[in-house]
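Comments concern the structure below.
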Amino acid sequence: MRFSKSFIPTLRETPSEAVVTSHILMLRSGMIRMVAAGIYSFLPTGYRVIRKISEIIREEMNAIGGQEFHLPALNPKEIWEETGRVEAFGDILFHVKNREYVLAPTHEEIMTFHARNVLKSYKDFPQIWYQIQTKFRNEPRPRSGVIRGRQFLMKDAYSFDISPEGLDKSYELHDQAYRKIFDRCGLKYFVVGASSGAMGGSGSEEFMVKSDAGEDTVAHCDNCGYAANVEVAESKVPSRGREEKNEELKEIHTPNIRSINELCEFLKIKETQCAKSRIYVHLGKPVLIFMLGNEEVNESKLVKYLGGAVRPAHPEELVELTGAEAGSIGPVGFNGRIIADLRLKDANNLYGGANKTDYHYGGIDFTRDAKNIEYADLRRVVSEEGCIKCNSPLQVFTAIELGHIFKLGTKYSEAMGAMFLDEKGEEHPIIMGSYGIGADRVMACFIEQHHDEKGIIWDTALAPFHVHLMGLNLKNEEVAKACEEIYKSLTDNSFDVLFDDRNDAQAGVKFNDADLLGMPLQIIVGDRKLKTNQVEVKIRKTGERFDVELDKLMPKLKEIWRDTVLK
RNA sequence: CGGGGCGUAGCGUAGCCCGGUUCAUCGCGCCUGCUUUGGGAGCAGGAAGUCGCAGGUUCGAAUCCUGCCGCCCCGACCA
């Protein structure tokens with residue numbers, strides 16, 4: 001491909017709407033352009049990458065027996081009403097105004113529609129059906145470029161089985177295929193066990209990539225691979241325990257002390273001597289929560305423990321319930337359910353609120369001064385705490401979800417009447433799984449992980465071109481001639497080449513565009529080196545440069561390709 | 001949907017507070033010509049803007065007021 005004839009609108013400056021790295025680089029390298037919030041066009045270079053990703057996905061899906069479909073994005077609303085998901089999706093689902101159609105945000109319904117009445121016999125199973133297609137979701141707030149859009153490219157696959165064991169097998173196949181796909185794409189990823197949420201069903205795993213642009217916060221162990229969303233993640237932290245000498249309960253005047261920090265300051269004590277109180281309302285009833293020191297309540301864990309929604313109590317309710325304002329609430333004399341974090345189990349000699357504004361108690365003993373305290377893990381994991389499995393330090397960071405695999409079960413087959421007959425002629429609902437990969441997210445995540453201050457650094461697997469050939473001064477006939485010969489020879493040797501043949505661009509412009517676009521190999525042809533019959537080869541990833549004699553270029557290139565670039 | 005910011009030529013911006021002969025600025029990019037060609041060139045000339053949209057105030061609005069639209073960020077949300 002000749003640069004002069006290509007549509008590769010690179011940008012020297014960063015458009016003001018872009019903030020995250022992948023978004024900036026995709027815009028600057030001329031791979032995408034925004035059409036509206038969360039809606040992007042892929043330009044030719046960007047689309048080349050999308051096609052490479054799609055092809056990798058396709059190969060690995062086919063390898064596990066997947067069959068590729070192409071389903072309509074425009075769906076009759078009727079089918080979505082069969083499963084109650086018009087309501088479940090709510091405002092996320094795009095509705096067409098002048099007909100009873102919706103724009104599909106996923107395709108469980110349509111796939112089940114095709115399976116029902118056709119996959120009738122146990123002999124028809126298992127099946128794996130997939131497609132790579134545009135999905136539509138009316139995200140309240142699109143962001144981070146292509147990472148969270150209203151329209152995006154997703155590979156979605158669905159498995160159909162007749163037994164839980166069959167589903168396990170299909171799920172396992174996808175798990176393996178996904179690992180191969182992300183490995184081949186050159187992504188550093190990890191796997192998180194996740195709740196399946198509104199998709200329904202039981203088991204599920206998320207394939208995540210660490211990134212500052214991420215929307216999920218996870219705890220991850222480099223040593224053993226333990227990973228969990230921070231909302232459910234556990235860690236090994238020492239419990240506070242009991243001190244040997246058990247002190248008496250004593251009331252202390254603490255004027256205007258509202259926070260643990262102020263209390264520690266005022267009494268010259270450590271955080272670990274304090275129990276922080278929070279009151280939540282669960283099913284209309286107050287629940288008093290205790291955390292050690294200044295640790296925050298992890299509301300997700302609380303919700304899970306209590307079962308059902310909770311909300312923090314309003315300031316007026318606090319006074320009503322305890323007689324004290326926020327900052328002076330405590331366990332002694334509290335009339336209601338009390339739950340303390342595990343770290344506080346049976347602790348004594350604690351400082352906490354006295355349920356009287358401007359007063360705290362010292363010497364609180366959870367076994368003596370409060371009745372029926374329940375203990376639960378209510379903490380939010382923090383970096384460097386011990387992994388729950390192997391005790392190595394955990395890291396907490398944000399990550400992007402790239403892929404998600406679910407064991408759906410029979411939710412959709414039952415709702416839509418997709419049944420099969422077993423050996424005995426008995427009818428059962430088909431057992432399904434559902435498996436997604438965000439194709440454009442793969443692209444963005446790769447860039448998040450592979451770039452420097454100059455631009456993108458592609459691996460060969462996803463690079464739009466293998467080689468970026470630059471002629472520095474093409475008005476020089478020797479240079480032009482050498483470039484043309486190299487261009488032909490590379491193409492004849494099956495390299496995808498982007499040939500910067502622009503006559504009007506300065507050398508610096510070409511160098512910077514080449515680094516920005518990020519092809520794995522650059523070949524630089526200039527008259528100076530050409531005088532000694534040499535050209536320069538640069539490896540984008542390492543920045544290494546070699547001077548190579550023209551007639552040895554092809555073998556040398558193949559050697560570099562094999563030994564360095566592909567590595 | 002709450003909070004904040006922004007909208008001036010393809011991109012990045014000045015002017016806005018204090019309305020008017022600086023009133024549409026500057027850099028990059030673009031077009032023409034010549035020169036230049038190893039890290040975003042030089043000279044000369046040129047094209048390009050409904051100042052987001054609609055009302056209003058005023059003799060006069062990019063500037064003040066009202067409404068709307070769009071984009072970004074934080075939060076809520078995220079099958």
Side-chain angles (χ1 to χ4, degrees), chain A residues 9-20 23-24 27-28 30 33-40 80 83-94 102 104-109 135-145 147-150 152 154 156 194-201 204 206 213-217 229 231 299 311 400-401 404 406 408 411-412 434 436 438 441 453-455 470-480 500 502-516 522-531 534-536 538 543 545 547:
Chain A
T10 57
L11 260 23
R12 190 203 293 216
E13 291 176 275
T14 300
S16 53
E17 77 252 21
V19 176
V20 310
H23 189 196
I24 291 170
L27 285 170
R28 289 229 293 130
R33 282 291 120 99
M34 185 176 80
V35 176
I39 303 176
Y40 289 85
W80 285 78
T83 54
R85 287 172 104 201
V86 172
E87 190 161 283
F89 268 107
D91 197 45
I92 295 291
L93 186 66
F94 275 113
V102 297
T106 173
H107 278 87
E108 280 79 9
E109 277 79 0
K135 302 286 189 254
F136 299 88
R137 291 181 197 181
N138 186 23
E139 292 294 345
R141 185 182 152 203
R143 73 187 92 178
S144 307
I147 290 172
R148 186 162 212 85
R150 295 213 165 106
F152 55 96
M154 179 162 139
D156 47 322
S195 63
S196 40
M199 290 299 294
S204 85
E206 288 177 342
E215 304 181 307
D216 297 299
T217 306
N229 194 300
E231 290 180 356
E299 291 187 13
R311 64 165 174 87
I400 298 170
E401 178 189 342
H404 207 156
F406 297 92
L408 282 180
K411 175 177 164 156
Y412 295 92
S434 147
R441 276 191 180 180
E453 62 288 346
K454 301 289 264 179
M470 276 168 274
L472 293 189
N473 179 7
L474 290 152
K475 285 179 186 160
N476 179 315
E477 281 179 24
E478 300 299 313
V479 173
D500 193 340
R502 289 176 294 178
N503 245 328
D504 51 353
Q506 291 278 122
V509 173
K510 293 182 181 179
F511 287 136
N512 282 307
D513 272 349
D515 288 342
L516 175 62
Q522 297 176 10
I523 299 176
I524 300 149
V525 183
D527 53 0
R528 287 213 309 240
K529 284 184 178 162
L530 211 51
K531 278 177 188 150
Q534 289 185 317
V535 295
E536 184 173 314
K538 175 177 159 184
R545 295 156 184 274
D547 289 338

What is the distance, to the nearest angstrom, from the [atom1] atom on [X] to the [atom2] atom on [N]?
| X | N | atom1 | atom2 | answer |
| --- | --- | --- | --- | --- |
| Arg148(A) | C72(B) | CZ | C1' | 17 Å |
| Phe152(A) | C78(B) | CZ | P | 15 Å |
| Asn229(A) | C78(B) | CG | C1' | 12 Å |
| Glu17(A) | U13(B) | CD | P | 11 Å |
| Arg143(A) | G4(B) | CZ | C1' | 15 Å |
| Glu13(A) | C28(B) | CD | P | 10 Å |
| Asp91(A) | A76(B) | CG | P | 18 Å |

### Task
Can you check each nucleotide of nucleotides 29-41 of chain B against protein heavy atoms at under 4.0 Å and return B for base, S for sugar-phosphate only, - for none, in 5' to 3' order?
-------BBBBBB
### Message
Determine whether a donor-acceptor pair (one donor, one acceptor, N or O, separation below 3.5 Å) exists between the side chain of Arg141(A) and the base of C78(B).
### Response
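For Arg141(A), whose side chain was compared with the base of C78(B), there is no donor-acceptor pair (under 3.5 Å).
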### Task
On RNA chain B, check which nucleotide each of Met34(A) and Glu139(A) is closest to and give me the residue with the more 5' one.
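Its nucleotide being nearer the 5' end, the pick is Met34(A).
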#### Entry: Euclidean distance, Asp527(A) CG relative to Leu474(A) CG, rounded to 0.5 Å
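Between atom CG of Leu474(A) and atom CG of Asp527(A) there are 10.5 Å.
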### Query
What's the spacing between Glu87(A) CD and Trp80(A) CH2 if we round to 0.5 Å?
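Here the interatomic distance stands at 14.5 Å.
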Please give the distance between the [atom1] atoms of [N] and [M] as a whole number of Å.
| N | M | atom1 | answer |
| --- | --- | --- | --- |
| C1(B) | C64(B) | C1' | 30 Å |
| U32(B) | C69(B) | C1' | 40 Å |
| G7(B) | C11(B) | C1' | 14 Å |
| C28(B) | G75(B) | C1' | 37 Å |
| A76(B) | G4(B) | C1' | 15 Å |
| C6(B) | A14(B) | P | 10 Å |
| G52(B) | U25(B) | P | 16 Å |
| G27(B) | A9(B) | P | 16 Å |

### Message
Is there a side chain to side chain contact (heavy atoms under 4.5 Å, CB included) between Leu472(A) and Val479(A)? Walk through the geometry before answering.
### Response
CA-CA 8 Å; Leu472(A) 293 189; Val479(A) 173; 5.6 Å; no
### Query
Touch check for Pro140(A), heavy atoms < 4.0 angstrom, all strands: base, sugar-phosphate only, or nothing?
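If one applies the 4.0 Å heavy-atom cut-off, Pro140(A) turns out to touch a base.
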### Message
Within the 4.0 Å heavy-atom criterion, would you say Ala36(A) contacts the bases, only the backbone, or no part of the nucleic acid?
### Response
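Sugar-phosphate contact only.
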### Message
Looking at Asp504(A) and Arg502(A), is any side-chain nitrogen of the basic one under 4.0 Å from a carboxylate oxygen of the acidic one?
### Response
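No, Arg502(A) and Asp504(A) are not salt-bridged.
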### Query
Would Lys411(A) and Glu108(A) pass as an ion pair if we require N to O under 4.0 Å?
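Salt bridge between Lys411(A) and Glu108(A), a charged N being under 4.0 Å from a carboxylate O: no.
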### Query
Who pairs with Glu536(A) by side chain to side chain donor-acceptor pair (under 3.5 Å), at least two apart in sequence or on another chain?
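Result, side chain to side chain donor-acceptor pair (under 3.5 Å) vs Glu536(A): Lys529(A), Arg545(A).
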### Message
Applying side chain to side chain donor-acceptor pair (under 3.5 Å), can you list everything that pairs with Arg12(A), at least two apart in sequence or on another chain?
### Response
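Result, side chain to side chain donor-acceptor pair (under 3.5 Å) vs Arg12(A): none returned.
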#### Entry: Test salt bridge (Lys or Arg N to Asp or Glu O under 4.0 Å) applied to Arg150(A) - qualifying residues, sequence neighbours left out
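Here no residue qualifies.
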### Query
Just the dot-bracket of RNA chain B, please: which string comes out with Watson-Crick or G-U pairs under 3.5 Å, [ ] for crossing, | for another strand?
(((((((..(((.......[.....))).((((((.....)))))).....(((((..]....))))))))))))....
### Check: Arg33(A) and Leu27(A) side chains under 4.5 Å, non-hydrogen atoms
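Side chain of Leu27(A) against side chain of Arg33(A), heavy atoms only: contact under 4.5 Å found.
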### Query
Residues two or more places apart in sequence or in another chain: which of them pass ring-ring contact (aromatic ring centres under 6.0 Å, His included) with His107(A)?
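In terms of ring-ring contact (aromatic ring centres under 6.0 Å, His included), with neighbours along the sequence ignored, His107(A) is linked to no residue.
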### Message
Check this one for me: any side-chain N or O of Ser16(A) less than 4.0 Å away from OP1 or OP2 of G12(B)?
### Response
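It does, given that an N or O in the side chain of Ser16(A) lies less than 4.0 Å from OP1 or OP2 of G12(B).
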